Every structure is written in structure tokens, then in C-alpha cells.
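Residue numbers begin at 1 in each chain, while the letters A, B, ... track the order of the sequences. Computed from a prediction, not measured in an experiment: that's the story for all the values here.
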There are 2 protein chains.
Amino acid sequence: MGQKGDALRQRIIAAADQLFYEQGYENTSFSDIANAVNISRGNFYFYFKSKNDILSAVLSARLDDVRAMLEEWETLYPAPKLRIIHYIDILTTNQSNVTKHGCPIGSLCTELVKLSHDMQSQATSIFALFCHWLTAQFFQLGQKRNARRLAMHLLARGQGIASIANAFNDAKFLQREVKSLKIWLDEVTQD
Amino acid sequence: MGQKGDALRQRIIAAADQLFYEQGYENTSFSDIANAVNISRGNFYFYFKSKNDILSAVLSARLDDVRAMLEEWETLYPAPKLRIIHYIDILTTNQSNVTKHGCPIGSLCTELVKLSHDMQSQATSIFALFCHWLTAQFFQLGQKRNARRLAMHLLARGQGIASIANAFNDAKFLQREVKSLKIWLDEVTQD
DNA sequence: GTCTATATAATGATAGAC
DNA sequence: GTCTATCATTATATAGAC
């Protein structure tokens, strides 16, 4: 495959990713994606031969991105607690997008479950990656027995914050809850 | 309008409600709803002339149901704390549905926001009703200043639990989190 | 009130020219 | 690689017979 083709392929994935996030998966048509990158529908099918294909590519890209981000955090921040704080801060860093469109992974999982979609497990595997990584961080913090429980709790708290901030379009609520989440982290890690 | 017509209208609303919950709003067609109540598509249009109409009817019915439920709780349970516990227990009472399909209101809000749908505000108003009612309960418990904050926090916790329980199809997680939510309620209300 | 057509638009997907 | 048809299917919605 040529270099130009690869670049276009990446652009298509990026455009589809964004559109799935903003408008939802089912509500996004091939025309929408093709228009976003200024190609014809026919050309689109040269790169992805079905809607399953493009969704799978988007999910793979997201999984890779998350994996790369977590690995980068492992090298950048030596303290597990600092890493968890960075995880929590995803909400504030992306606060505009979160209030407008919710959590990219959570909202897609919700949709795919309702569609009984084949790629459902591929979507939840991104959650599983976060969960696994958070469990490791809590474990390193000495919470050997409760590590997984704390990880899932934190995951759920983040989803709840994103859902309500999105439904009410309320960024202040998001900020308030992030603060309370960090207080929770302090309480949980000091002993 | 005749009595039979009214009854059928209610049956259509109930069927649409269930299908929207199980498969999502956009993914549910008129044929799906018509089939569920064994009528033709043409007859369907006699009762609801657009998809907006049936969605609006479903949302109105849900709002009425929630309002009736909360009013019933007000008379059944004299203590505000007991009422809040009953609110939390919605998750365990409907645990099978929640793990299979998520929160009926939350997942619909998520979808309608992405569709930029007109009925979006009608959907969030159900959240707002819960939020208003919970605020009143916390206020009666003496949390005059933090009542609204606690109400929104509880709302978000519930959404997070439903989202993760749904994504991972994990009822045990739901039960665990409900317990931790009741402990939180104890901590918050004792002073 | 209930039904059978039918109109119309959009979607996922394919074939084939260049 | 990129494009222009084009097909088959489905969806919302309407018209009109009974």
C-alpha cells in the first residue's frame, strides 16, 4: 500500500472516530464520513469494505491510543497516585467535549450494547484496559485486596460524571465532582 | 375517541417504551413497534403521526410514572432517608434490566443528545425531576446547603453504576456499589 | 379504526470506467 | 486510487379502500 493511501486511511479513521463520538455510530453514514474527508463514497469502500470494518478500525485505534497514553504515564510519573490523578483529570482536560458529547468509550458501549453489535466486546475491552491499569496502580499503592474494586468504582464514578455533565450540559458539576473524586482518592490511599 | 382506541394507544406506547429501552430509539422502526402489538404500520399512523410523536408520548408517560412513584413514596415512607434508600434500591430491584440495557432514562438521554434531537430536553426533564425530588429529601434531612450537590452526586453515582454494570454485564458489581452507596448515605446523613 | 398499497428518501454496498 | 453510476434494502410517511 502506498504512503498516500495509508495517510488517507488514517484520516478516514480519525474522521469516523470524531463523527461516531459526536453523532453516534448508527446515526453516522458513509456519506458523512466521506464528506468529512472530501472523498466519494466509492473511494471510501476501497479502504473499508463494510461499516463493521470502519468501526473495528476506530476501536483498534482508540485501544492503541489508550495503551500508548498509559505506557507514557508509566514512564513520566513514577508515583502510582499521581498516575491515578492524571486519569481523573482526563475529565477536566476534555471537559468541553465531555459536556457536549459524553465519554467517547462509554457512550459507544451503551450504543453497541443496544444494537447487539458484534464489536461490542471490542468496545468494552477499552474499558477493561483502563480497569486493569487502574487495578495495578491501586495495587502498587498497597491496596492489594481492594485494588480491583477501587478501580471499578473509579471507572463508574467517571462514567456517572460524564453522563450527568452531558445530560445537563453542566461543566461546573463536572469540576465539582472531580474535586470530590480526588478527596476520595486521598481518603482511600492514606493508610 | 373510543375506549378500545385508547387502550390500543396505551399498548403502543408501552411497546415503544420497551423497544426504545432494549434496542435504542433510532434502531427501533415503526415496523418493530407495530409488530410488537400486532397491528399494521398504517394503523400505527392513526395513533402517532410521526416518530417524534411516539417518542414524546413515551417520554410523557415515563415522566408521569416517575412522578406518581415519587408521590407514592412520599405517602408510604415518612422518613426522607428511607425514601432515598428506596431510590437507591431501584438499581437492585431492576438489576436484571439494568445490567442488560442500562438505565432507561440515562441511555435515552445519551442517544438523544448525539442525535441533537428536539425531545432531548423532555428526556433530561425526567432526570431533573429525580434531582429536584432528591434535593428536597436531603434538605429535609438537614443538609440545607448541600442538598442539591448531594442529589446530583447521587444521580451521577447511579448512572455510573448502571453504565459499568451494563458494559461489563456485571450484576455483582452493581450490588457491591449499591452497598457502598448506602454507606455513603449513612456517612452523609449522620450529623 | 384498520388495512393494503404506494411515494419518497436515505443507506449500505457493488460494478466498472478512468 | 479515485471516481461515477447503480442496485437492493429499509425507513418514514401518505393515500385511499373497506
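- The CZ atom of B/R41 sits 10 Å away from the C1' atom of C/dT4 (whole-angstrom rounding).
- Between the C1' atom of C/dA17 and the OH atom of A/Y45 lies a distance of 19 Å, rounded to the nearest Å.
- Atoms CZ (A/F48) and P (C/dT14) sit 15 Å apart, rounded to a whole Å.
- Checked by atom type, the side-chain pair A/N166/A/S163 shows no donor-acceptor distance below 3.5 Å.
- For B/K182, the NZ atom is densely surrounded, since the number of other residues' heavy atoms within 6.0 Å is greater than 12.
- When the C1' atom of D/dG1 is taken as reference, atom CZ of A/F46 falls 5 Å away, rounded to whole Å.
- Spacing between atom CZ of B/F44 and atom C1' of C/dA5 amounts to 19 Å, rounded to whole angstrom units.
- Side-chain contact annotation: B/S56 with B/D53, donor-acceptor N/O pair under 3.5 Å absent.
- Using a 4.0 Å cut-off on heavy atoms, the residues of residues 28-38 of chain B that approach DNA chain D are B/T28, B/S29, B/F30, listed by number.
- Ring-centre distance between B/F130 and B/Y87: below the 6.0 Å cut-off.
- Between B/E74 and B/R83 there is a salt bridge, with a side-chain nitrogen of the basic residue lying less than 4.0 Å from a carboxylate oxygen of the acidic one.
- One atom, CG of B/D53, and another, C1' of D/dT12, lie 13 Å apart when rounded to the nearest Å.
- Spacing between atom OH of B/Y47 and atom P of D/dA13 amounts to 19 Å, rounded to whole angstrom units.
- Annotation for A/K172: atom NZ does not count as buried by contact number, only 12 or fewer foreign heavy atoms lying within 6.0 Å.
- One can place CG of A/L8 at 13 Å from C1' of D/dC3, the figure rounded to the nearest angstrom.
- Counting only N and O atoms by type, the side chains of B/Q159 and A/Q159 include no donor and acceptor under 3.5 Å apart.
- Side-chain N/O atoms of B/N43 include none lying less than 4.0 angstrom from OP1 or OP2 on C/dG1.
- Only at 4.0 angstrom or more do the heavy atoms of residues 12-25 of chain A sit from any atom of DNA chain D, so none qualifies.
- If you find the closest nucleotide of DNA chain C to A/N27 and to A/G42, the one lying nearer the 5' end belongs to A/N27.
- B/Y25 carries B/K51 over the face of its six-membered ring, with the cationic atom under 6.0 Å from the centre and within 45° of the normal.
- Between the side chains of A/H153 and A/R149, no donor-acceptor pair of N or O atoms lies under 3.5 Å.
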